[in-house]
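Contents: one structure, followed by commentary.
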2 protein chains.
Amino acid sequence: MKRTRFAGDACPVARAVDVVGDWWSLLIVRDAFIGRRRFGEFQTGLGVAKNILTDRLRKLVAAGVFEQVPAADGSKHKEYALTEKGRELLPVVVALGQWATCDATPFTPVDRETGRPVRLVFRSADGRTLDPRDVRLTPAETG
Amino acid sequence: MKRTRFAGDACPVARAVDVVGDWWSLLIVRDAFIGRRRFGEFQTGLGVAKNILTDRLRKLVAAGVFEQVPAADGSKHKEYALTEKGRELLPVVVALGQWATCDATPFTPVDRETGRPVRLVFRSADGRTLDPRDVRLTPAETG
DNA sequence: GTTGAATAGTTGCAATTTGCAACTGAACCG
DNA sequence: CGGTTCAGTTGCAAATTGCAACTATTCAAC
(Lines give C-alpha, C1' and ligand atoms only; values in the text may rest on other atoms or scores of the structure.)
Protein backbone atom coordinates (compact mmCIF):
# COMPACT_ATOMS: atom_id res chain seq x y z
CA MET A 1 0.00 0.00 0.00
CA LYS A 2 0.91 3.64 -0.28
CA ARG A 3 3.44 4.66 2.27
CA THR A 4 2.25 6.82 5.12
CA ARG A 5 3.53 10.39 4.87
CA PHE A 6 4.22 12.75 7.76
CA ALA A 7 4.58 16.08 5.96
CA GLY A 8 1.81 17.71 7.95
CA ASP A 9 2.70 16.11 11.25
CA ALA A 10 3.20 18.33 14.26
CA CYS A 11 6.40 16.57 15.29
CA PRO A 12 9.51 17.87 13.56
CA VAL A 13 11.13 14.47 13.70
CA ALA A 14 8.18 13.07 11.80
CA ARG A 15 8.42 15.79 9.17
CA ALA A 16 12.16 15.20 8.85
CA VAL A 17 11.55 11.49 8.46
CA ASP A 18 9.12 12.31 5.70
CA VAL A 19 11.85 14.04 3.69
CA VAL A 20 14.94 12.17 4.60
CA GLY A 21 13.88 9.04 6.46
CA ASP A 22 14.47 6.80 3.57
CA TRP A 23 17.32 4.39 3.02
CA TRP A 24 18.86 6.30 0.16
CA SER A 25 18.11 9.96 0.80
CA LEU A 26 20.36 10.32 3.80
CA LEU A 27 23.16 8.45 2.07
CA ILE A 28 22.87 10.79 -0.90
CA VAL A 29 23.12 13.73 1.48
CA ARG A 30 26.13 12.16 3.16
CA ASP A 31 27.81 11.74 -0.23
CA ALA A 32 27.05 15.35 -1.03
CA PHE A 33 28.86 16.40 2.16
CA ILE A 34 31.88 14.42 1.04
CA GLY A 35 31.87 16.38 -2.18
CA ARG A 36 29.87 14.39 -4.70
CA ARG A 37 27.71 16.50 -6.98
CA ARG A 38 26.94 14.58 -10.17
CA PHE A 39 24.28 11.95 -10.90
CA GLY A 40 26.91 9.45 -11.93
CA GLU A 41 28.99 10.03 -8.82
CA PHE A 42 26.03 9.25 -6.59
CA GLN A 43 25.02 6.33 -8.74
CA THR A 44 28.31 4.45 -8.80
CA GLY A 45 29.29 5.56 -5.30
CA LEU A 46 26.12 4.24 -3.69
CA GLY A 47 25.28 1.43 -6.08
CA VAL A 48 21.71 2.64 -6.19
CA ALA A 49 19.45 1.86 -9.14
CA LYS A 50 19.23 4.79 -11.50
CA ASN A 51 15.48 5.14 -11.43
CA ILE A 52 15.53 5.24 -7.63
CA LEU A 53 18.29 7.85 -7.68
CA THR A 54 16.32 9.93 -10.16
CA ASP A 55 13.29 9.77 -7.91
CA ARG A 56 15.16 10.61 -4.71
CA LEU A 57 17.07 13.51 -6.22
CA ARG A 58 13.84 14.91 -7.60
CA LYS A 59 12.17 14.67 -4.21
CA LEU A 60 15.15 16.13 -2.38
CA VAL A 61 15.20 19.04 -4.81
CA ALA A 62 11.46 19.50 -4.30
CA ALA A 63 12.01 19.46 -0.55
CA GLY A 64 14.63 22.19 -0.81
CA VAL A 65 17.53 20.02 0.32
CA PHE A 66 19.32 20.03 -3.02
CA GLU A 67 19.23 22.45 -5.91
CA GLN A 68 20.33 21.93 -9.47
CA VAL A 69 23.18 24.24 -10.33
CA PRO A 70 24.19 24.95 -13.94
CA ALA A 71 27.78 23.71 -13.97
CA ALA A 72 31.04 23.47 -12.09
CA ASP A 73 33.70 22.81 -14.73
CA GLY A 74 31.88 24.55 -17.57
CA SER A 75 30.22 21.37 -18.85
CA LYS A 76 26.59 21.59 -19.86
CA HIS A 77 25.58 18.82 -17.44
CA LYS A 78 23.65 19.91 -14.37
CA GLU A 79 24.98 19.20 -10.90
CA TYR A 80 23.24 18.72 -7.56
CA ALA A 81 24.37 21.00 -4.74
CA LEU A 82 23.17 21.08 -1.14
CA THR A 83 21.14 24.15 -0.28
CA GLU A 84 21.51 25.98 3.02
CA LYS A 85 18.69 23.81 4.34
CA GLY A 86 20.50 20.75 3.08
CA ARG A 87 23.77 21.73 4.72
CA GLU A 88 21.91 22.04 7.99
CA LEU A 89 21.46 18.27 7.85
CA LEU A 90 25.11 17.83 8.82
CA PRO A 91 24.35 17.23 12.50
CA VAL A 92 21.95 14.47 11.51
CA VAL A 93 24.55 12.74 9.36
CA VAL A 94 27.23 13.15 12.01
CA ALA A 95 24.91 11.92 14.77
CA LEU A 96 24.14 8.78 12.81
CA GLY A 97 27.84 8.34 12.09
CA GLN A 98 28.79 8.74 15.75
CA TRP A 99 26.17 6.22 16.72
CA ALA A 100 27.34 3.37 14.51
CA THR A 101 31.03 4.12 14.32
CA CYS A 102 33.55 1.33 14.35
CA ASP A 103 37.09 1.00 12.96
CA ALA A 104 36.45 1.82 9.33
CA THR A 105 35.16 5.37 9.25
CA PRO A 106 35.00 6.74 5.73
CA PHE A 107 34.80 10.34 6.98
CA THR A 108 35.35 12.50 10.00
CA PRO A 109 33.81 15.85 10.87
CA VAL A 110 36.56 18.47 11.25
CA ASP A 111 36.86 22.17 11.96
CA ARG A 112 36.87 23.85 8.59
CA GLU A 113 39.62 26.22 9.66
CA THR A 114 41.99 24.16 11.73
CA GLY A 115 41.19 20.82 10.15
CA ARG A 116 41.07 19.23 13.59
CA PRO A 117 38.31 16.76 14.46
CA VAL A 118 35.11 17.90 16.18
CA ARG A 119 32.38 16.10 18.10
CA LEU A 120 28.65 16.58 18.31
CA VAL A 121 27.67 17.19 21.93
CA PHE A 122 24.81 18.50 24.03
CA ARG A 123 25.34 21.91 25.55
CA SER A 124 23.23 23.46 28.28
CA ALA A 125 22.14 27.08 28.36
CA ASP A 126 24.94 27.95 30.78
CA GLY A 127 27.58 26.48 28.48
CA ARG A 128 28.21 23.15 30.14
CA THR A 129 28.69 20.06 27.97
CA LEU A 130 26.33 17.27 28.90
CA ASP A 131 26.55 13.56 28.41
CA PRO A 132 23.59 12.27 26.33
CA ARG A 133 22.69 10.22 29.38
CA ASP A 134 21.99 13.40 31.28
CA VAL A 135 19.55 14.66 28.68
CA ARG A 136 15.92 13.67 28.46
CA LEU A 137 13.01 14.70 26.27
CA THR A 138 10.14 16.57 27.82
CA PRO A 139 6.93 16.21 25.87
CA ALA A 140 5.35 19.36 24.50
CA GLU A 141 5.88 21.68 27.47
CA THR A 142 5.72 25.26 26.34
CA GLY A 143 5.87 24.68 22.64
CA MET B 1 12.18 -6.10 -5.09
CA LYS B 2 14.04 -6.83 -1.92
CA ARG B 3 15.33 -3.70 -0.28
CA THR B 4 19.04 -3.13 -0.37
CA ARG B 5 20.64 -3.61 3.03
CA PHE B 6 23.76 -1.89 4.33
CA ALA B 7 24.53 -3.98 7.40
CA GLY B 8 28.02 -4.89 6.19
CA ASP B 9 28.79 -1.49 4.73
CA ALA B 10 31.98 0.24 5.79
CA CYS B 11 30.25 3.53 6.39
CA PRO B 12 28.69 3.90 9.83
CA VAL B 13 25.95 6.12 8.46
CA ALA B 14 25.01 3.34 6.07
CA ARG B 15 24.91 0.79 8.86
CA ALA B 16 22.84 3.13 10.98
CA VAL B 17 20.46 3.65 8.09
CA ASP B 18 20.14 -0.10 7.84
CA VAL B 19 18.80 -0.32 11.38
CA VAL B 20 16.95 2.89 11.83
CA GLY B 21 16.63 4.51 8.41
CA ASP B 22 13.06 3.50 8.05
CA TRP B 23 10.03 5.71 8.38
CA TRP B 24 8.72 4.06 11.50
CA SER B 25 11.77 2.88 13.42
CA LEU B 26 13.05 6.33 14.32
CA LEU B 27 9.57 7.47 15.30
CA ILE B 28 9.24 4.45 17.57
CA VAL B 29 12.57 5.36 19.16
CA ARG B 30 11.42 8.96 19.56
CA ASP B 31 8.25 7.78 21.28
CA ALA B 32 10.33 5.59 23.55
CA PHE B 33 12.35 8.65 24.59
CA ILE B 34 9.11 10.41 25.47
CA GLY B 35 8.26 7.52 27.75
CA ARG B 36 6.16 5.11 25.74
CA ARG B 37 6.89 1.45 26.43
CA ARG B 38 3.90 -0.67 25.42
CA PHE B 39 2.85 -2.06 22.06
CA GLY B 40 -0.49 -0.34 22.31
CA GLU B 41 1.06 3.00 23.21
CA PHE B 42 3.23 2.95 20.13
CA GLN B 43 0.38 1.72 18.00
CA THR B 44 -2.20 4.33 18.84
CA GLY B 45 0.37 7.08 19.30
CA LEU B 46 1.91 6.63 15.86
CA GLY B 47 -1.11 5.27 14.00
CA VAL B 48 1.05 2.55 12.54
CA ALA B 49 -0.45 -0.73 11.34
CA LYS B 50 -0.05 -3.44 13.92
CA ASN B 51 1.77 -5.88 11.67
CA ILE B 52 4.29 -3.20 10.75
CA LEU B 53 4.79 -2.31 14.38
CA THR B 54 5.29 -5.95 15.26
CA ASP B 55 7.90 -6.26 12.53
CA ARG B 56 9.76 -3.06 13.46
CA LEU B 57 9.83 -3.84 17.17
CA ARG B 58 11.13 -7.31 16.41
CA LYS B 59 13.91 -5.90 14.23
CA LEU B 60 14.81 -3.18 16.70
CA VAL B 61 15.05 -5.79 19.45
CA ALA B 62 17.21 -7.95 17.20
CA ALA B 63 19.42 -4.93 16.48
CA GLY B 64 19.88 -4.32 20.20
CA VAL B 65 18.08 -0.99 20.25
CA PHE B 66 15.17 -2.21 22.34
CA GLU B 67 14.85 -5.05 24.79
CA GLN B 68 11.75 -6.70 26.13
CA VAL B 69 11.50 -6.22 29.85
CA PRO B 70 9.20 -8.33 32.02
CA ALA B 71 6.93 -5.66 33.49
CA ALA B 72 6.66 -2.18 34.92
CA ASP B 73 3.47 -2.13 36.95
CA GLY B 74 3.45 -5.82 37.79
CA SER B 75 1.30 -6.78 34.85
CA LYS B 76 2.24 -9.87 32.88
CA HIS B 77 2.45 -7.93 29.61
CA LYS B 78 5.94 -7.36 28.24
CA GLU B 79 7.19 -3.86 27.61
CA TYR B 80 9.77 -2.50 25.23
CA ALA B 81 12.60 -0.51 26.79
CA LEU B 82 15.50 1.22 25.08
CA THR B 83 18.84 -0.43 25.69
CA GLU B 84 22.02 1.56 26.31
CA LYS B 85 22.65 1.39 22.57
CA GLY B 86 19.15 2.60 21.93
CA ARG B 87 19.49 5.52 24.32
CA GLU B 88 22.60 6.55 22.42
CA LEU B 89 20.28 7.37 19.52
CA LEU B 90 19.14 10.48 21.34
CA PRO B 91 21.49 12.80 19.40
CA VAL B 92 20.07 11.44 16.15
CA VAL B 93 16.51 12.11 17.22
CA VAL B 94 17.39 15.56 18.54
CA ALA B 95 19.39 16.41 15.40
CA LEU B 96 16.40 15.56 13.23
CA GLY B 97 14.15 17.52 15.53
CA GLN B 98 16.41 20.57 15.42
CA TRP B 99 16.52 20.37 11.64
CA ALA B 100 12.80 20.44 11.03
CA THR B 101 11.65 22.44 14.02
CA CYS B 102 8.88 24.97 13.69
CA ASP B 103 6.28 26.35 16.14
CA ALA B 104 4.69 23.15 17.28
CA THR B 105 7.40 21.13 18.96
CA PRO B 106 6.05 18.10 20.76
CA PHE B 107 9.22 17.69 22.85
CA THR B 108 12.32 19.55 23.91
CA PRO B 109 15.65 18.13 25.06
CA VAL B 110 16.41 19.32 28.57
CA ASP B 111 19.09 18.86 31.20
CA ARG B 112 17.95 15.96 33.34
CA GLU B 113 19.00 17.76 36.52
CA THR B 114 18.06 21.37 36.01
CA GLY B 115 15.25 20.79 33.55
CA ARG B 116 16.53 23.61 31.39
CA PRO B 117 16.70 23.23 27.61
CA VAL B 118 19.86 22.06 25.88
CA ARG B 119 21.09 22.22 22.29
CA LEU B 120 23.08 19.85 20.15
CA VAL B 121 26.23 21.59 18.93
CA PHE B 122 29.60 20.83 17.41
CA ARG B 123 32.55 21.22 19.74
CA SER B 124 36.19 21.33 18.70
CA ALA B 125 39.01 19.60 20.54
CA ASP B 126 39.95 22.84 22.32
CA GLY B 127 36.45 23.32 23.66
CA ARG B 128 35.10 25.92 21.25
CA THR B 129 31.54 25.62 19.99
CA LEU B 130 31.36 25.64 16.20
CA ASP B 131 28.58 26.57 13.87
CA PRO B 132 27.64 23.62 11.62
CA ARG B 133 28.67 25.85 8.75
CA ASP B 134 32.24 25.75 10.01
CA VAL B 135 32.35 21.97 10.02
CA ARG B 136 33.08 19.83 7.00
CA LEU B 137 33.50 16.10 6.41
CA THR B 138 36.89 14.81 5.41
CA PRO B 139 36.70 11.53 3.56
CA ALA B 140 38.47 8.51 4.95
CA GLU B 141 41.63 10.15 6.30
CA THR B 142 43.45 7.63 8.43
CA GLY B 143 40.89 4.85 8.24
C1' DG C 1 -14.32 -19.21 37.68
C1' DT C 2 -16.96 -17.51 33.89
C1' DT C 3 -18.01 -13.49 31.10
C1' DG C 4 -16.43 -9.56 28.82
C1' DA C 5 -13.19 -6.14 27.40
C1' DA C 6 -8.61 -4.75 26.48
C1' DT C 7 -3.94 -6.03 24.92
C1' DA C 8 -0.82 -7.98 21.75
C1' DG C 9 -0.35 -9.71 18.21
C1' DT C 10 -1.26 -12.93 13.38
C1' DT C 11 -3.17 -13.74 8.79
C1' DG C 12 -4.89 -12.63 4.12
C1' DC C 13 -5.13 -9.66 0.45
C1' DA C 14 -4.56 -5.52 -2.87
C1' DA C 15 -2.01 -1.33 -3.94
C1' DT C 16 2.49 0.61 -3.95
C1' DT C 17 7.53 0.53 -4.07
C1' DT C 18 11.73 -1.34 -5.16
C1' DG C 19 15.40 -2.94 -8.15
C1' DC C 20 17.31 -5.07 -12.23
C1' DA C 21 18.01 -4.72 -16.96
C1' DA C 22 17.44 -2.91 -21.28
C1' DC C 23 16.59 1.16 -23.84
C1' DT C 24 16.75 6.39 -25.21
C1' DG C 25 18.57 10.85 -25.96
C1' DA C 26 21.85 14.51 -25.14
C1' DA C 27 26.69 15.88 -24.47
C1' DC C 28 31.65 15.21 -25.04
C1' DC C 29 35.93 13.22 -27.55
C1' DG C 30 38.52 12.28 -31.45
C1' DC D 1 30.69 12.08 -38.43
C1' DG D 2 31.13 7.80 -35.06
C1' DG D 3 31.81 6.06 -30.51
C1' DT D 4 31.53 6.71 -25.65
C1' DT D 5 30.05 8.60 -21.46
C1' DC D 6 26.29 10.84 -18.87
C1' DA D 7 21.69 11.24 -17.36
C1' DG D 8 18.04 9.56 -17.21
C1' DT D 9 13.27 6.63 -18.80
C1' DT D 10 10.57 2.43 -19.37
C1' DG D 11 8.94 -2.30 -18.40
C1' DC D 12 8.48 -5.92 -15.44
C1' DA D 13 8.84 -9.36 -11.32
C1' DA D 14 9.44 -9.57 -6.46
C1' DA D 15 9.14 -7.44 -1.96
C1' DT D 16 6.99 -4.18 1.16
C1' DT D 17 3.19 -1.64 3.00
C1' DG D 18 -1.31 -1.02 5.04
C1' DC D 19 -6.09 -2.12 5.93
C1' DA D 20 -9.24 -5.12 7.91
C1' DA D 21 -10.59 -9.14 10.04
C1' DC D 22 -9.27 -12.74 13.07
C1' DT D 23 -6.92 -15.19 17.18
C1' DA D 24 -4.89 -15.71 21.65
C1' DT D 25 -3.57 -14.11 26.07
C1' DT D 26 -4.33 -11.07 30.05
C1' DC D 27 -6.94 -8.17 33.07
C1' DA D 28 -11.22 -6.72 35.53
C1' DA D 29 -15.60 -7.58 37.23
C1' DC D 30 -19.23 -10.31 38.78
Side-chain angles (χ1 to χ4, degrees), chain A residues 1-9 14 17-28 31-32 35-63 66-82, chain B residues 1-9 14 17-28 31-32 35-63 66-82:
Chain A
M1 281 286 251
K2 193 184 219 167
R3 235 164 44 204
T4 310
R5 304 323 298 244
F6 306 100
D9 200 291
V17 161
D18 198 60
V19 173
V20 99
D22 147 70
W23 312 279
W24 294 117
S25 299
L26 255 183
L27 295 176
I28 294 170
D31 272 19
R36 301 198 203 286
R37 301 169 66 84
R38 299 271 287 263
F39 186 94
E41 287 182 299
F42 293 121
Q43 207 265 308
T44 60
L46 290 171
V48 56
K50 302 207 284 184
N51 54 350
I52 307 291
L53 181 57
T54 300
D55 179 75
R56 294 302 183 278
L57 283 172
R58 221 192 293 282
K59 282 176 181 165
L60 288 168
V61 168
F66 279 98
E67 63 187 337
Q68 282 195 304
V69 296
D73 58 338
S75 111
K76 269 187 181 173
H77 289 297
K78 299 283 183 208
E79 297 191 345
Y80 295 90
L82 286 169
Chain B
M1 278 286 251
K2 192 187 221 166
R3 237 165 42 205
T4 310
R5 305 322 299 241
F6 305 101
D9 199 290
V17 162
D18 199 61
V19 173
V20 99
D22 148 72
W23 313 277
W24 294 117
S25 300
L26 254 184
L27 294 177
I28 295 169
D31 272 19
R36 300 196 202 289
R37 302 168 65 85
R38 299 269 287 259
F39 186 94
E41 287 182 299
F42 293 121
Q43 208 265 310
T44 60
L46 290 171
V48 56
K50 302 206 285 183
N51 52 351
I52 307 291
L53 180 57
T54 300
D55 179 74
R56 292 304 183 276
L57 284 172
R58 220 191 293 281
K59 282 176 182 165
L60 287 167
V61 167
F66 280 97
E67 64 186 335
Q68 282 196 303
V69 295
D73 58 337
S75 114
K76 267 187 182 175
H77 288 296
K78 300 283 182 205
E79 297 191 345
Y80 295 89
L82 286 168

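Residue numbering restarts at 1 for every chain, and letters A, B, ... go by the order of the sequence lines.
- A/L57 has its CG atom 15 Å from the C1' atom of D/dT9, to the nearest Å.
- Between B/R37 and C/dA8 there is no side-chain N or O to OP1 or OP2 distance below 4.0 Å.
- Base contact: B/K50 has a heavy atom under 4.0 Å from a base atom.
- Look at B/R58 and you won't find any side-chain N or O under 4.0 angstrom from OP1 or OP2 of C/dG9.
- Taking only side-chain atoms of B/W24, from C-beta outward, the nucleotide of C/dT7, D/dG18, C/dT18 with the closest atom is D/dG18.
- Rounding to whole angstrom units, CZ of residue A/R38 and C1' of D/dT5 are separated by 10 Å.
- Salt-bridge formation is detected for the pair B/E79/B/R37: a Lys NZ or Arg NE/NH1/NH2 atom is positioned less than 4.0 Å from an Asp or Glu carboxylate oxygen.
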Before giving the answer on side-chain contact (heavy atoms from CB on, under 4.5 Å), spell out for A/K78 and A/F39 the whole-Å C-alpha distance, their side-chain angles and the decisive distance to 0.1 Å. CA-CA 9 Å; A/K78 299 283 183 208; A/F39 186 94; over 6 Å; no
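- C/dT11 atom C1' lies 13 Å from atom CD1 of B/I52, rounded to whole Å.
- By the 4.5 Å heavy-atom criterion applied to side chains, B/F42 and B/L27 are not counted as neighbours.
- The CZ atom of A/R3 sits 19 Å away from the P atom of D/dA15 (whole-angstrom rounding).
- Contact annotation: the side chain of A/Y80 never approaches that of A/L60 to less than 4.5 Å [non-hydrogen atoms, C-beta and beyond].
- Rounding to whole angstrom units, CZ of residue B/F39 and P of D/dA24 are separated by 17 Å.
- For the pair B/T4 and C/dT18, the criterion of a side-chain N or O lying under 4.0 Å from OP1 or OP2 is not met.
- No engagement by A/F42 is indicated, since no non-hydrogen atom pair under 4.0 Å with the nucleic acid exists.
- One finds a side-chain N or O of B/Y80 lying less than 4.0 angstrom from the OP1 or OP2 phosphate oxygen of C/dG9.
- As rounded to whole Å, 11 Å separates atom C1' of D/dC12 from atom CG of A/N51.
- Going from atom CG of B/D73 over to atom P of D/dA28 covers 9 Å, rounded to whole Å.
- Residues A/D9 and A/D18 fail the side-chain proximity criterion, which asks for heavy atoms closer than 4.5 Å.
- Nucleotides of DNA chain C nearest to A/G47 and A/R5 differ in position, and the one nearer the 5' end is that of A/R5.
- Here the side chain of B/T54 is nearest to one of D/dG8, D/dT17, C/dT10, namely C/dT10.
- Counting to the nearest Å, the P atom of C/dA8 and the CG atom of B/L53 are 10 Å from each other.
- Between D/dC6, D/dC27, D/dG18, one nucleotide has an atom nearer to the side chain of B/A49 than all others, and that is D/dG18.
- Taking side-chain N and O atoms only, B/S75 has no distance below 4.0 Å to OP1 or OP2 of D/dT26.
- At the heavy-atom level, A/K2 lies under 4.0 Å from the strands shown only through sugar-phosphate atoms.
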